[in-house]
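Reading through the structure tokens given below for one structure.
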Amino acid sequence: MMENSMLPMGIIIDCSVIFVATIVGSLVKGRYTRETFQFLMSFSGISAVCIGVISLIRQENISIVLFSLGIGLVIGEKIQIYKLVKKAAQKIFLMLNLEKEMSNEEYVSLYLLVMMIFCASGTNIFGAITEGLNGDATILIAKSVMDVFGAFTFATVLGFPMLLIIIPQCVILGMLFFLSSFMAPYITATAIDNFVSVGGVITLVIGLDILNFKSVNAINLLPALLIVFLADGVARIFFIH
């Protein structure tokens, strides 16, 4: 196992790439035809679906993954996480009085979708945990290559306000990086694989949303990322001897 570096280089590189690509995309905002934008959106959606499927394959116990997703979705829908976050975002953007080429409702919905892609995708989560455990930043560096296209594409519509997404991205991935070493004695490799699989399903749902397939709101699935560790712990205590 490699020695853990105090600097999360993979996270820094990924966030920096998104920062630069967002600025470039914002500068050329409005210069692309609708057909070009739709093509780039489709590419981002298909990429998210592929990443989600690949992450899902990592699962070690499909029952735990499905249980976590089910309970997580029930909690998310009950609390209405998506509506709460969306309402807060709408108020912020109304205060900023941004010039938008779409309604405030559409803008906020797309903004939250993009935030999920960069902050809570299966690859980002697994990459941050992996780098925190053994210092291997290759997963996040590889993810940054795809994020170049994604950030540029979405910035051509969302503009400079998309830069704000980098803040929760750094916070979430940074927390996973620094907490992973403390979590290591209490979680198993199986739990991490199941955790990544749940993140993969969330990424898959995001991809389907981008491709305009009807699906649940990915944000309401976020509690499943916590439930999966609890479910794995219970399974180890009662069913694995």
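These numbers were taken from a predicted model, which means no experiment stands behind them.
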Heavy-atom closest pair, residues Cys15 and Gln169:
SG-OE1, 3.4 Å

Verify same cluster id: Ile117, Val148 (apolar side-chain graph, 4.5 Å)
no

Checking Gln80 against Asn220: is there a side-chain donor and acceptor pair closer than 3.5 Å?
no

Any side-chain heavy atom of Ile64 within less than 4.5 Å of one from Val198?
no

All heavy atoms of Leu173 vs all of Ile11, minimum pair found to be O-CD1, 3.3 Å

Reported CG-to-CG distance for the pair Leu73 and Leu69, which is rounded to 0.5 angstrom
8.5 Å

If we only count heavy atoms from C-beta on, is the Leu27 to Phe160 side-chain gap below 4.5 Å?
yes

Minimum heavy-atom separation for Gly207 to Ala48, with atom names?
CA-CB, 3.6 Å

Test of understanding: with ring-ring contact (aromatic ring centres under 6.0 Å, His included), list the residues that count as partners of Tyr111, not counting sequence neighbours.
Phe93

Is there a path of hydrophobic side-chain contacts, each under 4.5 Å between heavy atoms, that joins Val108 and Ile210?
yes

Within the supplied structure, the quantity of interest is the number of heavy atoms (other residues, nucleotides, ligands) at a distance under 6.0 Å from Tyr82 OH; does it exceed 12?
yes

Is it the case that one hydrophobic cluster holds both Val171 and Ile13, taking links as side-chain heavy atoms less than 4.5 Å apart, direct or via other members?
no

If you compare all heavy atoms of Gly159 against all heavy atoms of Ser26, which two are closest, and at what distance to 0.1 Å?
C-OG, 3.0 Å

What residues form a side chain to side chain contact (heavy atoms under 4.5 Å, CB included) with Leu222, not counting sequence neighbours?
Met116, Ala120, Ile202, Ile219, Leu225

Look up atom CD1 in Ile79 and atom CG in Leu84, then write down how far apart they are to the nearest 0.5 Å.
8.5 Å

Which pair of heavy atoms, one from Ala155 and one from Thr22, lies closest together, and at what distance?
CB-O, 3.4 Å

I'd like to check Ser16 versus Ile12 (side-chain heavy atoms, cut-off strictly below 4.5 Å). Are they in contact?
yes

CA sep, side-chain torsions, deciding dist, call: Phe154, Leu113, side-chain contact (heavy atoms from CB on, under 4.5 Å)
CA-CA 10 Å; Phe154 293 118; Leu113 186 65; 5.6 Å; no

Derivation of the side-chain contact (heavy atoms from CB on, under 4.5 Å) call for Leu133 and Ile192:
CA-CA 11 Å; Leu133 289 174; Ile192 293 177; 3.8 Å; yes

Please answer: with hydrophobic residues joined when any side-chain heavy atoms are less than 4.5 Å apart, are Phe118 and Leu176 in the same cluster?
yes

Spacing of Ile75 atom CD1 and Leu226 atom CG [to the nearest 0.5 Å]
8.5 Å

Is any side-chain heavy atom of Tyr107 less than 4.5 Å from a side-chain heavy atom of Pro161?
yes

4.5 Å side-chain heavy-atom contact, Thr203 and Thr123:
no

Any donor-acceptor pair under 3.5 Å linking the side chain of Glu131 with the backbone of Leu140?
no

Any idea which heavy atoms bring Lys86 and Ser109 closest together, and the distance?
NZ-OG, 3.2 Å

Look only at the side chain of Asp147 and the backbone of Ile18, and say whether a donor-acceptor pair between them is shorter than 3.5 Å.
no

Decide side-chain contact (heavy atoms from CB on, under 4.5 Å) for Phe19 and Met162; before the verdict, give the C-alpha distance in whole Å, the side-chain angles of both, and the deciding distance to 0.1 Å.
CA-CA 9 Å; Phe19 179 82; Met162 206 181 97; over 6 Å; no

What's the separation between atom OG1 in Thr138 and atom NZ in Lys143, rounded to the nearest 0.5 Å?
14.0 Å

Heavy-atom side-chain proximity of Ile166 to Leu163 below 4.5 angstrom:
yes

OG of Ser68 to CG of Leu221, rounded to nearest 0.5 Å, is 11.0 Å

Does Asp209 reach the side chain of Val205, with side-chain heavy atoms less than 4.5 Å apart?
no

Worked verdict on Phe67 versus Val228 for side-chain contact (heavy atoms from CB on, under 4.5 Å):
CA-CA 8 Å; Phe67 174 80; Val228 67; over 6 Å; no

Just so I know, are the side chains of Ile46 and Leu211 near enough to count as touching, which here means a heavy-atom distance under 4.5 Å?
yes

So, the side chain of Ser144 versus the backbone of Ile141: is there a donor-acceptor pair under 3.5 Å, distance only?
yes

Same apolar cluster: Ile167 and Ile165, side chain cutoff 4.5 Å
yes

To the nearest 0.5 Å, atom OG of Ser180 lies from atom CE of Met175 at 11.5 Å

